[in-house]
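Reckoned from all heavy atoms, side chains included, excluding hydrogens, waters and symmetry mates. Just so it is clear, the structure is predicted and the values come from calculations on it, not from any experiment. For the single chain, residues carry numbers from 1 onward in sequence order.
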Amino acid sequence: MQRSSGATTSMLMSASLSGRMRGRTIRWRWIAICGGALLALTALATSLAWTSIFDSVLSLQLALTPNSRSYNSWLAPTVPIFFDIYMFNWTNADKFPEEKPNFEELGPYRYLERRKHVNITYHPNNGTIGYRTVRSWVWDPSNNASLDDNITTLNVIAASAIYRARFWGYFQQKGLSMGLAMFGHGISISKLARELLFEGYEDGLLDFAKTLPASTTGGAPLVDRFGWFYSRNNTDTDGYMEVSSGTADGLPGQILKWNHEDHISFYNGECAKLSGSAGEFMPRNLTEESKLTMFVPDLCRTVNMEFVDSGLMDGLHYHKYHVNERTFDNSSTSPENTCYCNGPCAWGGVMNVSACRFGSPAFITLPHFLHGDPALQEYVTGMRPDPDKHSFYFAVEPKLGVPLDVAGRFQFNVYVEPNDYIALYEKVPRMLFPIFWVEQKAKVDERIVSELRTVRAILDWGSTVCACAAVAFAIIVTVITCYTSKPDYKKAKDIIHEKTKDEAEIKLNPT
Ligand SMILES: *[C@@H]1O[C@H](CO)[C@@H](O)[C@H](O)[C@H]1NC(C)=O
Ligand SMILES: *[C@@H]1O[C@H](CO)[C@@H](O)[C@H](O)[C@H]1NC(C)=O
Ligand SMILES: *[C@@H]1O[C@H](CO)[C@@H](O)[C@H](O)[C@H]1NC(C)=O
Ligand SMILES: *[C@@H]1O[C@H](CO)[C@@H](O)[C@H](O)[C@H]1NC(C)=O
Ligand SMILES: *[C@@H]1O[C@H](CO)[C@@H](O)[C@H](O)[C@H]1NC(C)=O
Ligand SMILES: *[C@@H]1O[C@H](CO)[C@@H](O)[C@H](O)[C@H]1NC(C)=O
Ligand SMILES: *[C@@H]1O[C@H](CO)[C@@H](O)[C@H](O)[C@H]1NC(C)=O
Ligand SMILES: *[C@@H]1O[C@H](CO)[C@@H](O)[C@H](O)[C@H]1NC(C)=O
C-alpha cells in the first residue's frame, strides 16, 4: 500500500512536472516571439525617430543645469585660449602731421586667458541663468616679444580729453589747450609695453580729471593709472549676463538680458535688440545660408557672421562663418546698420563704440582695417590687411553646433579730428589712429574632435543600426514562429495524450 501509494505519488509528480515543463517551453516560445516582435517594433520606431531622440538627449546634455555634461566645461572652460596682442609702433611721430603716420606691428604679446563664470543664479521659473565672467591673463613664457619694448603711440589721454571737450565753449577749450601744454602733453607718447598693457602709467591729467565734475568725464570710473588692460585682470569686464538655460526646447546660452536690461541702451531701433549666442552655444543644423548671431560685449552689440567655406578638421566636417564687409558696414550697402552710427555715419567697416566707452573716441575695426573703407588707409602707412591673418571667424561642426576653431580679432583705434581751439590738434587730419589689435584664439584638441566624431557617427548611423536591428529581430521572430508552429502542434497533442494516460493510470491505481 505504502509502496503503491508512493509510486502513485511519484508518478503523479512526474506527470505534472513533465506537463508543466512542456507548458513552460511553449510559454517561453511565446515570450520569445512577443519579445522579439516588440524589440523589432521598438528598433523600427527608434530608427524612424532617431534624429528627434538624438536631439532631445543632446539637448538634455547641453542644457545649463548643474547635472548636465556641458555645465562643468561651461563653468570654467578648459580649452586654452590664447590672447595675443599686437601693438602698433608709430615710427615717425616726430614728423606728424607733415608725414603720414607709419606703423610697425610689434608682437604678439601672448597671454593665456582663463575664464570663469561666477555668481551664478538660476531662475527655474523662466528658464534663465544669470552670471558674470571673470577673466585672468597670464604672460606666456613662449613669448618672443618683451614687455620692456619701448613703444611710441598716440597720446590717448590727451586725445580723449580733446574729444570729450569738442562741444565745450571757447574758453573752456582754450583752458584745456593750456592745461595740456602745462602737463607736458604731446601728440604722441613713448611707453613700455608693460605700461601700455596691464600695469598702466601715471599721468597728471588723470589726477586732474578726479577734480572735475562727472559730466565732463562721461561718468567713466576715475583711475590713477592708464593702461589698455589696467585693472582688468581677475575682474569681470563683460557685465552681468542672463542667458537661456536651454531646459525647455530652446537653445542654451542665448542672451536675454545684459546688465539687467533686455535691450542695448546705446542704440535705437533694431540695433538696440539684444540677441544671439553669448559665445559658447551655437544653433544646430547649420546650413550655408545660416547666420551665426553672437553678442559681443566688447562691441556692445550683436554681430552676424556669414558662411565663408567648409572643410575637414581631423576628419570632422566644419562650416566657417566670419565677419564680412556687411557686418560693420555703415549705411552705404547695409541700411539696417544705420542705427549703429549714432549720428553721422563714420567710415564703412568701422564700429563707433564711443557710447559704450563713456564717450571716449573709441572705434573698432578688423585688424589692419580689413574689409574697411579704403579711405581709412589714405591717412596711414603700414597697414597690411590679410583675410587669413585678420578675419574674425567661427568654425563650427554644423550638425551639432559645436565651435571647433574660433578666432575673435579686432583692432582698437582712436578717432582724431582737427580742433581750432586746441593748439595740439590744430593741424591733425580727421582720421582713425590704429593703436593695437587683439586675437583671442581657441581650438578644440584632438580628444574632443575624436569624441565629436563618435557623436556624429552615432547621429549619422544610429538610424541605420536600429533599422538593421529591427530587421534582425523580425527574422528571429519569423524563424521561431516557423520552427515552433508545426512540430509543436504534435507535441501539444502528445502532452494532452500523456495527461489522459496519466489520469487513466491514477484511476487504475486508486489510493
Ligand atoms: C618703436 O619706434 C621707435 C621710433 O622709431 C623706436 O625708437 C623703437 O625702438 C621702436 N620700438 C620697438 C620695440 O621696436
Ligand atoms: C559675486 O558675489 C559676491 C557676493 O554677492 C560679491 O562679493 C562679488 O563681488 C561678486 N563677484 C563679481 C565678479 O561680481
Ligand atoms: C527671470 O526671472 C527672474 C526672477 O525670478 C528675473 O530676475 C529675470 O529678470 C527673469 N528673466 C527674464 C529674461 O525674464
Ligand atoms: C593676473 O593675475 C594672476 C593671478 O591671479 C597672475 O598670475 C597674472 O600674472 C596676472 N596677469 C597680469 C597680466 O598681470
Ligand atoms: C616665438 O617664435 C617661435 C619660433 O619662430 C614660434 O614658434 C613661437 O610661436 C613664437 N611665440 C609666440 C608667442 O609668438
Ligand atoms: C622710450 O624711448 C623714448 C625715446 O624714443 C625715451 O624718451 C624714453 O625714455 C624711453 N622710455 C624708457 C622707459 O626707456
Ligand atoms: C535638425 O534637422 C533634422 C532633420 O534634418 C530634424 O529632425 C531635427 O529636429 C533638427 N534639429 C534641430 C535641433 O533643429
Ligand atoms: C560716435 O558715437 C558718439 C556717441 O554715440 C557720437 O556722439 C559721435 O558723433 C560718433 N562719432 C562719429 C565720428 O560718428
Side-chain angles (χ1 to χ4, degrees), residues 85-109 145-146 148-166 173 176-193 195-197 201 203 205 226-228 346-352 354 360-386 389-390 410-438:
I85 306 166
Y86 294 83
M87 311 275 276
F88 288 116
N89 191 17
W90 185 5
T91 57
N92 56 354
D94 47 339
K95 301 194 187 80
F96 187 75
E98 291 75 38
E99 258 180 41
K100 277 190 205 178
N102 177 59
F103 297 99
E104 202 181 271
E105 183 185 283
L106 299 175
Y109 298 84
S146 159
D148 291 319
D149 286 346
N150 190 343
I151 298 169
T152 305
T153 185
L154 182 74
N155 179 353
V156 178
I157 295 178
S160 291
I162 294 165
Y163 183 75
R164 287 203 172 101
R166 67 196 187 284
Q173 292 207 29
L176 176 64
S177 179
M178 274 153 61
L180 288 170
M182 208 171 72
F183 286 114
H185 274 272
I187 195 122
S188 71
I189 197 163
S190 291
K191 294 283 171 196
L192 302 184
E195 296 173 312
L196 292 170
L197 298 174
Y201 57 91
D203 192 294
L205 208 59
F226 175 83
W228 293 110
W347 301 269
V350 174
M351 186 62 209
N352 178 356
S354 175
S360 64
F363 285 68
I364 285 174
T365 60
L366 287 179
H368 290 253
F369 298 138
L370 178 71
H371 300 323
D373 190 327
L376 291 167
Q377 300 264 10
E378 281 169 22
Y379 297 96
V380 295
T381 54
M383 296 288 115
R384 289 179 191 86
D386 175 351
K389 289 188 199 152
H390 302 136
F410 49 79
Q411 177 169 312
F412 194 86
N413 310 277
V414 171
Y415 173 80
V416 297
E417 60 186 2
N419 185 321
D420 290 342
Y421 305 150
I422 292 177
L424 206 55
Y425 272 43
E426 249 174 335
K427 294 200 188 78
V428 305
R430 178 178 178 267
M431 65 177 286
L432 277 193
F433 241 93
I435 309 287
F436 66 90
W437 66 274
V438 293

- Separation between CH2 (W437) and NE2 (H390), nearest 0.5 Å, reads 4.0 Å
- Message: Looking at A375, is its backbone amide N or carbonyl O close enough to the side chain of D373 to form a donor-acceptor pair, meaning the two atoms are under 3.5 Å apart?
- Response: yes
- Task: Would you please indicate if the ring centroids of F433 and F103 are separated by under 6.0 Å?
- Result: yes
- Query: Is the count of non-hydrogen atoms from other residues, nucleotides or ligands lying under 6.0 Å from R166 atom CZ greater than 12?
  - Reply: yes
- For the residue pair P108 and A145, what are the closest heavy atoms and their distance? O-CB, 3.7 Å
- Task: Please list, chain by chain and in numerical order, all residues satisfying side-chain contact (heavy atoms from CB on, under 4.5 Å) with E426, sequence neighbours excluded.
- Result: none
- Between S177 (side chain) and A423 (backbone), is there a donor-acceptor pair under 3.5 Å? yes
- Shortest non-hydrogen separation from P361 to A159 and the atoms involved: CG-O, 4.1 Å
- Mind checking whether Y201 and I189 have side chains closer than 4.5 Å, heavy atoms only? yes
- Message: Checking I187 against L154 for the side chain to side chain contact (heavy atoms under 4.5 Å, CB included) test, could you report, in this order, the C-alpha distance in whole Å, the side-chain angles of both residues, the deciding distance, and whether it holds?
- Response: CA-CA 6 Å; I187 195 122; L154 182 74; 4.2 Å; yes
- Query: Side chains of T152 and T91: does their closest heavy-atom pair fall under 4.5 Å?
  - Reply: no
- Query: With a 6.0 Å cut-off on ring centres, are H368 and F88 close enough?
  - Reply: yes
- Residues L205 and A161: closest non-hydrogen pair is CD2-CB, 4.2 Å
- Item | Side-chain heavy atoms of N92 within contact of T381, under 4.5 Å | no
- Ring centroid separation W347 to F369 under 6.0 Å: no
- Message: Working to the nearest 0.5 angstrom, can you tell me the gap between L192 CG and N150 CG?
- Response: 5.5 Å
- Item | Verdict with reasoning, Y163 to S354, per side chain to side chain contact (heavy atoms under 4.5 Å, CB included) | CA-CA 10 Å; Y163 183 75; S354 175; 3.8 Å; yes
- Task: With the side chain counted from C-beta on, respond yes when L370 and Q411 share a heavy-atom pair under 4.5 Å apart, and no when they do not.
- Result: no
- Name the orientation class of the two ring planes belonging to F412 and F436 (parallel below 30°, tilted from 30 to 60°, perpendicular beyond 60°). parallel
- Sub-4.5 Å side-chain heavy-atom contact between D203 and F226: no
- Task: Could you grab the distance from atom CG of L196 to atom CD1 of I435, nearest 0.5 Å is fine?
- Result: 9.5 Å
- Task: Nearest 0.5 Å please: distance from the CG atom of N352 over to the CG atom of L432.
- Result: 9.5 Å
- To the nearest 0.5 Å, what is the distance between CE (M431) and CD (E378)? 11.5 Å
- Query: So, for P434 and N413, which heavy atoms are closest and what is the spacing to 0.1 Å?
  - Reply: CA-OD1, 3.3 Å
- Looking at A346 and F363, what are the two nearest heavy atoms and their distance? CB-CE2, 4.1 Å
- Message: The test is side chain to side chain contact (heavy atoms under 4.5 Å, CB included); show your working for D149 and Y109 and say whether it passes.
- Response: CA-CA 10 Å; D149 286 346; Y109 298 84; 2.7 Å; yes
- Message: Checking N419 now: which residues fulfil side-chain contact (heavy atoms from CB on, under 4.5 Å) with it, not counting sequence neighbours?
- Response: I162, Q173, Y421, I422, Y425
- Query: Which pair of non-hydrogen atoms, one from P429 and one from P418, has the smallest distance, and what is that distance?
  - Reply: C-CD, 4.0 Å
- Message: Within this structure, what is the CE-NZ distance for the pair M87 and K191, rounded to the nearest 0.5 Å?
- Response: 12.5 Å
- Message: Quick check on Y379: does its OH atom have over 12 non-hydrogen neighbours (other residues, nucleotides or ligands) under 6.0 Å away?
- Response: no
- Side-chain touch N155/S188, heavy atoms, less than 4.5 angstrom: no
